[in-house]
There are 2 protein chains.
Amino acid sequence: MTRPFANALELLRAARLRPTRQRLALARLLFEKGDRHVAAEELHGEALAAQMPVSLATVYNTLHQFVGAGLLREIVINPGRSYFDTNVSDHHHFFYEDDSQLRDIPGDSIAVSNVPSPPEGGSIRRVDVVVRVEKAAHKGR
Amino acid sequence: MTRPFANALELLRAARLRPTRQRLALARLLFEKGDRHVAAEELHGEALAAQMPVSLATVYNTLHQFVGAGLLREIVINPGRSYFDTNVSDHHHFFYEDDSQLRDIPGDSIAVSNVPSPPEGGSIRRVDVVVRVEKAAHKGR
DNA sequence: TCAATAGTTTAGAATGGTTTTAAATTCTGA
DNA sequence: TCAGAATTTAAAACCATTCTAAACTATTGA
Ligand SMILES: [Mn+2]
Ligand SMILES: [Mn+2]
Ligand SMILES: [Zn+2]
Ligand SMILES: [Zn+2]
């Protein structure tokens with residue numbers, strides 16, 4: 001009934017990553033405030049602001065290690081910047097083009113049907129749906 | 001009954017772009033061999049190979065102009081590289097992770113249902129479905 | 001036909017998120 | 001406590017893409 005990884009230390013143990021000061025700090029920032037879609041430089045900024053100095057290289061290393069461990073999911077929508085999603089359950093996204101924000105679409109509200117099976121010898125690893133949203137229909141001219 | 005833009009010149013006229021040597025060459029490479037998903041540097045390579053020298057800057061300019069004119073669609077799947085799709089009809093994609101190739105999924109075979117309407121004042125511009133395919137299920141251990 | 005003008009192309013430099021490097025530091029188990 | 005392995009880091013490298021500004025070209029109306 002409790003959240004899967006109540007504390008950062010337990011989470012790192014499960015991922016078989018040494019609980020260093022830096023990884024603990026990043027894990028807390030990532031997982032202690034609900035679902036997030038965060039870019040590397042954004043997280044780096046948060047760490048510095050929280051008086052937890054971490055190099056940008058370590059932020060990238062850690063994010064990729066977390067993805068490898070299944071703790072994060074990497075999402076690419078625009079060229080030149082990746083988002084890291086703390087929600088690794090099956091779900092899809094709204095993408096707000098005006099401010100480049102991602103928002104979850106609950107997994108059970110949306111459904112993709114009749115996906116053809118991929119040609120010969122391929123297997124489906126994942127289906128990603130991105131609903132691109134623009135701020136508002138333009139009124140008048 | 002003929003294809004929408006039988007020749008490159010007509011296509012550029014419809015897009016209100018001057019029919020320069022470079023744009024004609026790129027339009028031919030893009031549209032005279034069926035549906036394609038091509039990256040900028042790839043197209044640049046093809047132009048050089050076909051003895052139609054064009055600078056890389058012009059390739060980028062032209063691709064973006066074609067997107068603006070609705071002749072191409074830009075697709076972002078992996079960080080660091082955009083694909084340009086000559087199929088601008090409503091359709092979705094297989095993405096083969098092993099060789100980073102895109103393949104069309106015919107538009108009517110797949111369906112996305114129950115897309116919630118976006119919160120307050122947003123309108124849906126497009127829904128993109130990407131089915132990520134890995135080469136094969138691993139046999140044995 | 002021929003400027004004048006607006007649009008286009010280009011080489012090269014700049015950009016910027018990400019990755020790499022290699023040296024210093026820290027963690028772990030014995 | 002110590003050696004070996006893993007980690008962190010500043011700085012440089014990477015690389016697709018964008019920008020710059022100067023040269024070139026297409027268009028048009030005299
Ligand atoms: Mn990555
Ligand atoms: Mn673009
Ligand atoms: Zn999400
Ligand atoms: Zn396509």
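Note on naming: letters A, B, ... go to the chains in the order of the sequence lines (proteins, then strands), and numbering restarts at 1 for each one.
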Q: Round to a whole Å and report the spacing from CG of Asn78(A) to P of dT18(D).
A: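 Whole-Å distance recorded here is 11 Å.
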Q: For DNA chain D, whose closest nucleotide is more 5', that of Glu41(B) or that of Gln65(A)?
A: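 The 5'-side residue here is Gln65(A).
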Q: For Val133(A) and Asp98(A), work out which heavy atoms get closest and say how close.
A: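 Closest approach of Val133(A) to Asp98(A): O-OD2, 4.5 Å.
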Q: Using a cut-off of less than 4.0 Å, is there contact between a side-chain N or O of Tyr60(A) and OP1 or OP2 of dT18(C)?
A: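 Answer yes for this pair, as a side-chain N or O of Tyr60(A) is under 4.0 Å from OP1 or OP2.
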Q: Identify the two heavy atoms, one from Glu46(A) and one from Leu29(A), that lie closest to each other, and give their separation to 0.1 Å.
A: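 Reported closest heavy-atom pair: C-CD1, 4.1 Å.
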Q: Between atom CD1 of Ile110(B) and atom CG of Asp90(B), what is the distance when rounded to the nearest 0.5 Å?
A: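 So the CD1 of Ile110(B) and the CG of Asp90(B) are separated by 11.0 Å.
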Q: Which whole-number value in Å describes the distance from Arg81(B) CZ to dT17(D) P?
A: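 After rounding, the reported distance stands at 6 Å.
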Q: In terms of side-chain heavy atoms, does Gln22(B) have a donor or acceptor partner in Thr58(B) at a distance below 3.5 Å?
A: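 No - no donor-acceptor pair under 3.5 Å links their side chains.
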Q: Got a second to check how far Arg73(A)'s CZ is from Ser89(A)'s OG, nearest 0.5 Å?
A: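 Reported to 0.5 Å precision, the distance equals 7.5 Å.
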Q: Report the distance from atom CZ of Arg13(B) to atom P of dA26(D), rounded to the nearest whole Å.
A: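 About 15 Å, once rounded to whole Å.
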Q: Is the shortest side-chain N/O distance from His64(A) to OP1 or OP2 of dT19(C) below 4.0 Å?
A: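 Yes, within the criterion.
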Q: Give the rounded distance in Å between these two atoms: NE2 of His44(A) and C1' of dA10(D).
A: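 Checked: the NE2 to C1' distance equals 11 Å.
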Q: Arg23(B) CZ to dT27(D) C1': how many Å, rounded?
A: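 Rounding to the nearest Å, CZ of Arg23(B) and C1' of dT27(D) are 13 Å apart.
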Q: Check whether NZ of the Lys or CZ of the Arg Arg103(B) lies under 6.0 Å from the centre of the six-membered ring of Phe95(B) and within 45 degrees of that ring's axis.
A: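 Not flagged: Arg103(B) not positioned over aromatic ring of Phe95(B).
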Q: One character per nucleotide, please: for nucleotides 22-30 of chain C, 5' to 3', B when the base has a protein heavy atom closer than 4.0 Å, S when only the sugar-phosphate does, - otherwise.
A: -----BS--
Q: From the options dT18(C), dA11(D), dT10(C), select the nucleotide whose nearest atom is closest to the side chain of Ser55(B).
A: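 Between dT18(C), dA11(D), dT10(C), the one nearest the side chain of Ser55(B) would be dT10(C).
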Q: Quickly work out the Arg16(B) CZ to dT28(D) P distance and round it to whole Å.
A: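 Value for this atom pair: 11 Å.
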Q: Under 3.5 Å, is there a donor-acceptor pair between the His93(A) and Asp85(A) side chains?
A: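 Distance-only check passes for His93(A) and Asp85(A).
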Q: Nearest-Å distance, CD (Glu42(A)) to P (dG16(C))?
A: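 Taking atom P of dG16(C) as the reference, CD of Glu42(A) is at 17 Å.
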Q: For dT9(D), does OP1 or OP2 lie under 4.0 Å from any side-chain N or O of Thr58(A)?
A: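 It does, given that an N or O in the side chain of Thr58(A) lies less than 4.0 Å from OP1 or OP2 of dT9(D).
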Q: Rounded off to whole Å, could you give me the CG-to-P distance for the Leu63(A) and dG17(C) pair?
A: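 Rounded to whole Å, this separation is 15 Å.
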